[in-house]
**Student:** 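Handing you a structure now.
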Amino acid sequence: MLNESMYPKSFASDNHAGVHPDVLAAMTAANHGDAPAYGDDRWTADFERRTKDVFGGAAEGFAVFNGAGANMVGLALMLGRYDAVICPDTAHIATHETGAAERLLGVKLITVPTEDGKLRPGDITSRLGTLGKHHESQPRVVSVSQVTELGTCYSPAELAALAQAAHDAGMRLHVDGARLANAAAHLSCDLRAITTDVGVDVFSFGGTKNGALAAEAVVVLDASLVTGTPFLRRQSLQLASKMRFVSAQLTTLLTDDLWRRNAAHANAMAARLAAGAADVPGVRIAHPVESNAVFLALPPGVAAALSERYLFHYWDEAACVVRWMTAFDTTPEHVDDLLGTLRTAAA
């Protein structure tokens, strides 16, 4: 077990950050008296109304515990037992959910190698040769991450093109939005512009990486899928009995653009970190910095020296590529301290 007191600030994950004070205050405010369980409370009703305000009148929001659960519920809505999902080979559902899609949903993942973590329409059409062949799993859903696992963002136009390609083939588009807020902040758009307005069918809205405690949402835009969502959420063990505490967090993030302020700050700290690191001899930015993730190729031995003071993840240990993540509570002082340590280690 790590002794976290040894480290002044973690750059390993935005999951390591605490809870935003406004979110914590909302949970405290909800903690007075009794309330009906399983979402039959006024906090959940507020969240459902706020979902429509933010994403449009057709959007139906369902609060869940975590991102992997949100992905499984969202994908289950659109898949049969012999179906397949087309996704990048770096996708979270393919690399960091312990085979949940294959084990729990019984579907095949058709992974596509990419340079930047992003699918293109041609990646979809090139993998449709199995359609109608009963010996093969049937591609039914395209799933992408926004932000991608390489820290890059899909523009609205890119998402619209993917949705068009998927729909033309009789498929649906799913977005893993664990860092959807960071993407919207980077693109200077609202959340609807990269979901509802571009033809996404189902997506998750990530709260945990954006200042919440344990709160994510499955948002369904295809009306034909709404009826089954409550049942699949329950069956997937994602229905909270004390739902008011989950819903209150999500409503708070979606009110007065708190989601944007948190994400924009995290992105700004990543940009500060990348700009400073780029000036260090021997350090290379491995992927474009478009969110709160910075991927760096470091000189030999530097990462080991840094790990004595900071928590972070190796992305490609053989190539000495590390991933540094910032969060809503990362400060300029945290960033500058890390940069100072980097300069010393590199020298």
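Residues: numbered from 1 along the sequence shown. Keep in mind that this is a model prediction, so the values were computed, not measured.
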**Student:** Is the shortest distance from a Lys or Arg side-chain nitrogen in Arg260 or Asp190 to a carboxylate oxygen in the other one below 4.0 Å?
**Tutor:**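 Between Asp190 and Arg260 there is no salt bridge, as every charged N stays at least 4.0 Å from the carboxylate O atoms.
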
**Student:** Between Arg172 and Asp222 (salt bridge meaning N to carboxylate O under 4.0 Å), is one present in this structure?
**Tutor:** yes

**Student:** Taking the inter-plane angle between the rings of His20 and Phe328 on a 0 to 90° scale, is it parallel (under 30°), tilted (30 to 60°) or perpendicular (over 60°)?
**Tutor:**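 The rings of His20 and Phe328 sit tilted, inter-plane angle from 30° to 60°.
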
**Student:** Could you pull out the closest heavy-atom pair between Val283 and Pro299, with the gap in Å?
**Tutor:** CG2-CD, 4.0 Å

**Student:** Any ion pair linking Asp256 and Arg261 (charged N to carboxylate O, less than 4.0 Å)?
**Tutor:**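 Here Arg261 does not pair with Asp256 in a salt bridge, since their nearest N and O are not under 4.0 Å apart.
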
**Student:** Yes or no on side chain to side chain contact (heavy atoms under 4.5 Å, CB included) for Leu128 and Ile86, after CA distance, side-chain angles and deciding distance?
**Tutor:** CA-CA 10 Å; Leu128 299 180; Ile86 299 174; 4.2 Å; yes

**Student:** When Arg49 is tested against each of Thr51, Asp46, Asp53 for side chain to side chain donor-acceptor pair (under 3.5 Å), which residue passes?
**Tutor:**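 Option passing the side chain to side chain donor-acceptor pair (under 3.5 Å) with Arg49: Asp46.
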
**Student:** Hey, what do you get for OG1 (Thr330) to NE2 (His16), rounding to the nearest 0.5 Å?
**Tutor:** 12.0 Å

**Student:** Could you state the interatomic distance from CG (Asn71) to CG (Leu104), rounded to the nearest 0.5 Å?
**Tutor:** 12.0 Å

**Student:** Starting from the C-alpha separation in whole Å, work towards a yes-or-no answer on side chain to side chain contact (heavy atoms under 4.5 Å, CB included) for Tyr38 and Arg234.
**Tutor:** CA-CA 10 Å; Tyr38 300 112; Arg234 182 59 163 139; 4.1 Å; yes

**Student:** Could you walk me through whether Leu162 and Tyr154 pass side chain to side chain contact (heavy atoms under 4.5 Å, CB included), step by step?
**Tutor:** CA-CA 10 Å; Leu162 289 177; Tyr154 289 93; 3.6 Å; yes

**Student:** Answer yes or no: does atom CZ of Phe231 have more than 12 heavy-atom neighbours from other residues, nucleotides or ligands under 6.0 Å?
**Tutor:** no

**Student:** Donor-acceptor pair, distance only, cut-off 3.5 Å: does the side chain of Asn210 make one with the backbone of Gly207?
**Tutor:** no

**Student:** Between Asp89 (side chain) and Thr111 (backbone), is there a donor-acceptor pair under 3.5 Å?
**Tutor:** no

**Student:** Are the side chain of Gln238 and the backbone N or O of Phe65 linked by a donor-acceptor pair below 3.5 Å?
**Tutor:**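 Yes; at least one donor-acceptor contact below 3.5 Å.
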
**Student:** Give a yes or no on whether Leu159 and Phe55 share a hydrophobic cluster (residues Ile, Leu, Val, Met, Phe, Trp, Tyr; joining criterion: side-chain heavy atoms under 4.5 Å apart).
**Tutor:** yes

**Student:** Please check: side-chain N/O of Gln138 versus main-chain N/O of Lys133, any donor-acceptor pairing under 3.5 Å?
**Tutor:** yes

**Student:** Within 45° of the ring axis of Trp315 and under 6.0 Å from its six-membered ring centre, is that where the NZ or CZ of Arg323 lies?
**Tutor:**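 Judged by the rule (NZ or CZ under 6.0 Å from the ring centre, within 45° of its axis), Arg323 is not positioned above Trp315.
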
**Student:** Look up atom CG in Asn262 and atom NZ in Lys209, then write down how far apart they are to the nearest 0.5 Å.
**Tutor:**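 Result: 14.5 Å between the selected atoms.
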
**Student:** For a side-chain hydrogen bond (donor to acceptor under 3.5 Å, both in side chains) check, start with the C-alpha distance between His334 and Thr331, then their side-chain angles and the critical distance, and finish with the verdict.
**Tutor:** CA-CA 5 Å; His334 291 142; Thr331 67; 3.0 Å; yes

**Student:** Search all heavy atoms of Ala26 against all heavy atoms of Thr252 and return the closest pair with its distance.
**Tutor:** CB-OG1, 3.0 Å

**Student:** As an exercise, state the distance from CD of Glu136 to CD1 of Ile110, rounded to the nearest 0.5 Å.
**Tutor:** 9.0 Å

**Student:** Looking only at atom types and distance, does a side-chain atom of Thr28 sit under 3.5 Å from a main-chain N or O of Leu24, one as donor and one as acceptor?
**Tutor:** yes

**Student:** Backbone N or O of Val289 within a donor-acceptor pair of the His186 side chain at under 3.5 Å?
**Tutor:**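 Judged by distance alone, no pair lies under 3.5 Å.
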
**Student:** Can you name the closest pair of heavy atoms from Met325 and Ala12 and give their distance?
**Tutor:**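 What the structure gives for the nearest pair is CG-O, 3.7 Å.
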
**Student:** So for atom NZ, which belongs to Lys242, do other residues, nucleotides or ligands contribute more than 12 heavy atoms lying within a distance under 6.0 Å?
**Tutor:** no

**Student:** In the single-linkage hydrophobic clustering (I, L, V, M, F, W, Y; side-chain heavy atoms under 4.5 Å), do Val200 and Ile194 co-cluster?
**Tutor:**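 In one cluster with Val200: Ile194, yes.
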
**Student:** So how far is it from Arg120 CZ to Thr125 OG1, rounded to the nearest 0.5 Å?
**Tutor:** 13.5 Å

**Student:** Test your reading of the model: is there a side-chain donor-acceptor pair from Ser145 to the backbone of Thr148, 3.5 Å cut-off?
**Tutor:** no

**Student:** Report, as yes or no, whether the 6.0 Å neighbourhood of atom NZ on Lys118 holds more than 12 heavy atoms from other residues, nucleotides or ligands.
**Tutor:** yes

**Student:** Do Glu60 side-chain atoms and Val220 backbone N/O form a donor-acceptor pair below 3.5 Å?
**Tutor:**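 Not confirmed, Glu60 side chain does not pair with Val220 backbone.
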
**Student:** Check step by step if side chain to side chain contact (heavy atoms under 4.5 Å, CB included) holds for Phe62 and Val226.
**Tutor:** CA-CA 10 Å; Phe62 300 86; Val226 170; 4.3 Å; yes

**Student:** Between Thr44 and Glu48, is there a side-chain heavy-atom distance shorter than 4.5 Å?
**Tutor:** yes

**Student:** Hydrophobic clustering (ILVMFWY, side-chain heavy atoms < 4.5 Å, transitive) - are Leu173 and Val218 grouped together?
**Tutor:** no

**Student:** At what distance, to the nearest 0.5 angstrom, does CG of Leu191 lie from CH2 of Trp259?
**Tutor:**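 It is 3.5 Å, given to the nearest 0.5 Å.
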
**Student:** In terms of hydrophobic clustering (I, L, V, M, F, W, Y; side-chain heavy atoms under 4.5 Å; direct or indirect links), are Val219 and Leu75 co-clustered?
**Tutor:**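 In one cluster with Val219: Leu75, no.
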
**Student:** Below 4.5 Å, heavy atoms only, C-beta onward: do Leu109 and Glu102 meet side chain to side chain?
**Tutor:**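 Counting from C-beta outward, Leu109 and Glu102 do come under 4.5 Å.
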
**Student:** Is the shortest side-chain N to carboxylate O distance from Asp336 to Arg272 below 4.0 Å?
**Tutor:**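 Salt bridge between Asp336 and Arg272, a charged N being under 4.0 Å from a carboxylate O: yes.
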
**Student:** Report yes if the side chains of Val23 and Leu258 come closer than 4.5 Å at any heavy-atom pair, otherwise no.
**Tutor:** yes

**Student:** Check whether any side-chain N or O of His96 sits under 3.5 Å from a backbone N or O of His92 as a donor-acceptor pair, and report yes or no.
**Tutor:** no

**Student:** Kindly indicate, with the supporting measurements, whether the criterion salt bridge (charged side-chain N to carboxylate O under 4.0 Å, His left out) is fulfilled by Asp279 and Arg343.
**Tutor:** CA-CA 9 Å; Asp279 291 335; Arg343 294 185 188 102; over 6 Å; no

**Student:** What are the two closest heavy atoms between Leu150 and Glu115, and how far apart are they?
**Tutor:** CD1-O, 3.8 Å

**Student:** If you take all heavy atoms of Ala305 and Ala345, which pair is closest and at what distance?
**Tutor:** CB-CB, 4.1 Å

**Student:** Tell me whether Leu79 is reachable from Leu232 by hopping between hydrophobic residues (I, L, V, M, F, W, Y) whose side-chain heavy atoms are closer than 4.5 Å.
**Tutor:** yes

**Student:** What orientation do Trp324 and Phe11 show, parallel under 30°, tilted 30 to 60°, or perpendicular over 60°?
**Tutor:** tilted

**Student:** Which atom pair, heavy atoms only, marks the closest approach of Gly117 to Thr90?
**Tutor:**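 Closest heavy-atom pair between Gly117 and Thr90: CA-OG1, 3.8 Å.
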
**Student:** Does Arg140 use its side chain to pair, donor to acceptor, with the backbone of Asp83 at less than 3.5 Å?
**Tutor:**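 Flag not set: sc Arg140 to bb Asp83 has no pair under 3.5 Å.
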
**Student:** Does a side-chain heavy-atom distance below 4.5 Å link Val147 with Thr152?
**Tutor:**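 Sidechains of Thr152 and Val147: no contact.
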
